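Each remark here refers to the structure printed beneath this line.
The shown structure was predicted, so the numbers you read here are calculated from the model rather than taken from an experiment. Start at 1 with the first residue, then count along the sequence. Computed over heavy atoms, backbone and side chain alike; hydrogens, waters and symmetry mates excluded.
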Amino acid sequence: MSEFKSDFLRTLKERGFIHQISDETGLDDLLAKETVTAYIGFDPTAPSLHAGGLIQIMMLHWLQQTGHRPVSLMGGGTGMVGDPSFKEESRQLLTAETIEANIAGIKKVFSNYLAYGDGPKDALMVNNADWLLSINYLEFLRDVGRHFSVNRMLSFDSVKMRLEREQSLSFLEFNYMILQAYDFVELNRRYDVRLQMGGSDQWGNIINGIDLGHRLGTPQLYALTSPLLTTASGAKMGKSLSGAVWLNPEMLSAYDFWQYWRNTEDADVSRFLKLYTTLPMDEIGKLSALGGAEINEVKKILATEVTAMLHGRTAAEQAAETARKTFEEGAIAENLPSIEVPAAELDAGLGLLTLVVRAGLAASNGEARRHVQGGAVRVNDVAVSDERRLVGTADVSADGVIKLSLGRKKHILVRPA
């Protein structure tokens, strides 16, 4: 479709969010003439989402900003089964208590992007356990299960990949598709939801819901998916060298989150400004035209804007200032991540490799040793080549800390406790 009438689809298209739409004209007409309620489902497999899920949250953000009503669906029910989409093996089953705790953690992030409330355009937070846990199995098989063709389900890419690799696909996981389709219908009945959004790997599951809606008498339902994102070098979004880039501050500091975006590859900067910030498109155009040394300034703007949405403007600017002091002035910035080490251990002397692992700069002594041998480890900005070096009280600076660094961009303050 050359040009959308609705602000929502126009915004999504120009910012690069659209991969597929089930009926472009029908959805565009609906969005142009009335307030539309749309949802995205989030699996509570961990106590926090990571940066890979931000694209979905931003889609809900723009939905609300263009006058529509977003629903963030927590998979309290489906989380007990696990989404098999494109996974190489079955998910570990989670207990009800773990799922509940994970949902509580995930919820914290959403209010930074969406305005929740009781108004016609206020966002809703819904849990599919509300209807899935009380299902009568025989009635569900008769009323819903009979509308699904196993032949068709076997044709979905997410299922075919598992079967081609000769990896078991359990009956439990097969039911996930039916439950997700039923969610769409149930959300339409309860909240007049007309659109389901998600990553492109969810296309088959969403279309299942549209088809089930047809058979069960809902109004026309719609699907919209975003591209599955990787970085320019092919890395998965939301993953860094040290692990997942979590959204919850207790799992990843605002400073480390800022650093993740500051380290964006040059080729990704323009795309990420469109997807992950709310900067106007004309401003993004000007920033994207900059090159050479100026691209590093643009990366700082990207990092600060993305961090401000999640952690607040003050925390984002503090992170930017901490980075400036650390890298440009070589100073010890108080806002750097820190760990506490018992003073008695420092008095006795703590092995460098042990400290590097304890600080989270390496996963094992072997990895820490390789970093030292490669000249990447520094104590108080002085490179260390002796892997048997002891770090102790004598290394505590006038600021009362020891600055432990890996490369140019990872710094931890060691504080005597």
Legend entry - Salt bridge flag under 4.0 Å for residues E367 and R370: no

Legend entry - Within 6.0 Å of CD in E100, more than 12 heavy atoms from elsewhere: no

Inset, instruction - Give a yes or no on whether the backbone of G26 and the side-chain of D23 come within a donor-acceptor separation of less than 3.5 Å. - result: yes

Legend entry - Sidechain-backbone polar pair: D122 side chain, Y116 backbone, donor-acceptor under 3.5 Å: no

Inset, instruction - Could you check if a side-chain atom of T98 sits within less than 4.5 angstrom of a side-chain atom of N102, using non-hydrogen atoms only? - result: yes

Inset, instruction - Decide whether T307 and T304 meet the rule of one side-chain donor and one side-chain acceptor closer than 3.5 Å. - result: no

Legend entry - Heavy-atom closest pair, residues A232 and A267: CB-CB, 3.7 Å

Inset, instruction - Taking D43 for its side chain and T45 for its backbone only, find out whether a donor-acceptor pair lies under 3.5 Å. - result: no

Legend entry - Contact check, side chains of L352 and V377, non-hydrogen atoms, under 4.5 Å: yes

Inset, instruction - Decide yes or no for V306 and F257: does some side-chain heavy atom of the first lie under 4.5 Å from some side-chain heavy atom of the second? - result: yes

Inset, instruction - Using modelled atom types only, decide if a donor and an acceptor are shared between the side chain of N112 and the backbone of V109 within a distance under 3.5 Å. - result: yes

Legend entry - Nearest non-hydrogen partners of L361 and L406, listed with the distance: O-CD2, 3.3 Å

Inset, instruction - Kindly compute the distance separating CG (L73) from CG (L60), expressed to the nearest 0.5 Å. - result: 10.5 Å

Inset, instruction - Decide yes or no for L9 and I21: does some side-chain heavy atom of the first lie under 4.5 Å from some side-chain heavy atom of the second? - result: yes

Inset, instruction - Kindly indicate whether the side chain of D28, heavy atoms from C-beta on, has any atom under 4.5 Å from the side chain of T25. - result: no

Inset, instruction - Could you tell me whether the side chain of H61 and the main chain of Y113 form a donor-acceptor pair under 3.5 Å? - result: yes

Legend entry - Beyond-backbone contact of L224 with W203, side-chain heavy atoms, under 4.5 angstrom: no

Inset, instruction - Supply the atom-to-atom distance D183 CG to N128 CG, rounded to the nearest 0.5 angstrom. - result: 4.5 Å

Legend entry - Where P227 and I55 come nearest, the two heavy atoms and their spacing: O-CD1, 4.3 Å

Inset, instruction - Start with the C-alpha distance between F272 and M237, add both sets of side-chain angles, then the distance that settles side chain to side chain contact (heavy atoms under 4.5 Å, CB included), and finish with yes or no. - result: CA-CA 11 Å; F272 288 0; M237 275 302 297; 3.4 Å; yes

Legend entry - Shortest non-hydrogen contact between L221 and V193, atoms and distance: CD2-O, 3.7 Å

Inset, instruction - For the pair Q64 (side chain) and A115 (backbone), establish whether a donor and an acceptor sit closer than 3.5 Å, ignoring hydrogens and angles. - result: yes

Inset, instruction - Working to the nearest 0.5 Å, report the span between OG1 of T322 and NE2 of H411. - result: 11.0 Å

Side-chain donor-acceptor contacts of residues 276-287 below 3.5 Å, not counting sequence neighbours, with atom names and distances?
| unit_1 | atom_1 | unit_2 | atom_2 | d |
| --- | --- | --- | --- | --- |
| T277 | OG1 | L273 | O | 2.6 |
| T277 | OG1 | L279 | N | 3.3 |

Legend entry - For F184, ring pair (Phe, Tyr, Trp, His ring centres under 6.0 Å) partners two or more places apart: Y39

Legend entry - T354 vs V391, side chain to side chain contact (heavy atoms under 4.5 Å, CB included): CA-CA, chis, key distance, verdict: CA-CA 10 Å; T354 300; V391 180; over 6 Å; no

Inset, instruction - State plainly whether the residues K403 and D395 are in salt-bridge range, i.e. N to O under 4.0 Å. - result: no

Inset, instruction - Find the distance between CE (M177) and CD1 (I206) and round it off to the nearest 0.5 Å. - result: 13.5 Å

Legend entry - CH2 on W62 to NE2 on H68, rounded to 0.5 Å: 13.5 Å

Legend entry - Validation row: T78, Y182 side chains within 4.5 angstrom (heavy atoms): no

Inset, instruction - Keeping the roles fixed (side chain from E387, backbone from Q373), state whether a donor-acceptor pair exists under 3.5 Å. - result: no

Inset, instruction - Taking all non-hydrogen atoms of both residues into account, name the closest pair between P44 and G79 and its distance. - result: CD-CA, 4.3 Å

Inset, instruction - State whether the side chain of R378 and the backbone N or O of G407 hold a donor-acceptor pair below 3.5 Å, judged by distance alone. - result: yes

Legend entry - Residues E14 and R10 bridged, charged N to O under 4.0 Å: no

Legend entry - Q202/Q196 under side-chain hydrogen bond (donor to acceptor under 3.5 Å, both in side chains): CA gap, chis, key distance, verdict: CA-CA 10 Å; Q202 294 297 315; Q196 182 182 171; over 6 Å; no

Legend entry - Separation of L63 CG from L114 CG (nearest 0.5 Å): 9.0 Å

Legend entry - Qualifying salt bridge (charged side-chain N to carboxylate O under 4.0 Å, His left out) pairs with a residue from residues 336-354, counting only residues at least two apart or across chains: E345-R358

Legend entry - Test log, rule ring pair (Phe, Tyr, Trp, His ring centres under 6.0 Å), inputs F42 and F110: CA-CA 11 Å; F42 297 89; F110 282 87; 4.9 Å; yes

Legend entry - With sequence neighbours excluded, residues passing side-chain hydrogen bond (donor to acceptor under 3.5 Å, both in side chains) with E250: K108, N248

Inset, instruction - Only pairs at least two apart or in different chains count here, so list each salt bridge (charged side-chain N to carboxylate O under 4.0 Å, His left out) that has a residue in residues 255-269. - result: D266-K299, D268-R271

Inset, instruction - Look at the side chain of R15 and the backbone N and O of K274, then say whether any donor-acceptor pair between them is shorter than 3.5 Å. - result: yes

Legend entry - Which residues share a ring pair (Phe, Tyr, Trp, His ring centres under 6.0 Å) with Y191, sequence neighbours left out: none

Inset, instruction - Kindly indicate, with the supporting measurements, whether the criterion side chain to side chain contact (heavy atoms under 4.5 Å, CB included) is fulfilled by R194 and L30. - result: CA-CA 9 Å; R194 300 290 300 276; L30 184 69; 3.9 Å; yes

Legend entry - Close side-chain approach of T264 to T231, heavy-atom, < 4.5 Å: no

Inset, instruction - Show your reasoning for whether side chain to side chain contact (heavy atoms under 4.5 Å, CB included) applies to M309 and E305. - result: CA-CA 7 Å; M309 286 196 78; E305 291 302 313; over 6 Å; no

Inset, instruction - List the atom of S405, the atom of D381, and the distance in Å for their closest heavy-atom pair. - result: OG-OD1, 4.4 Å

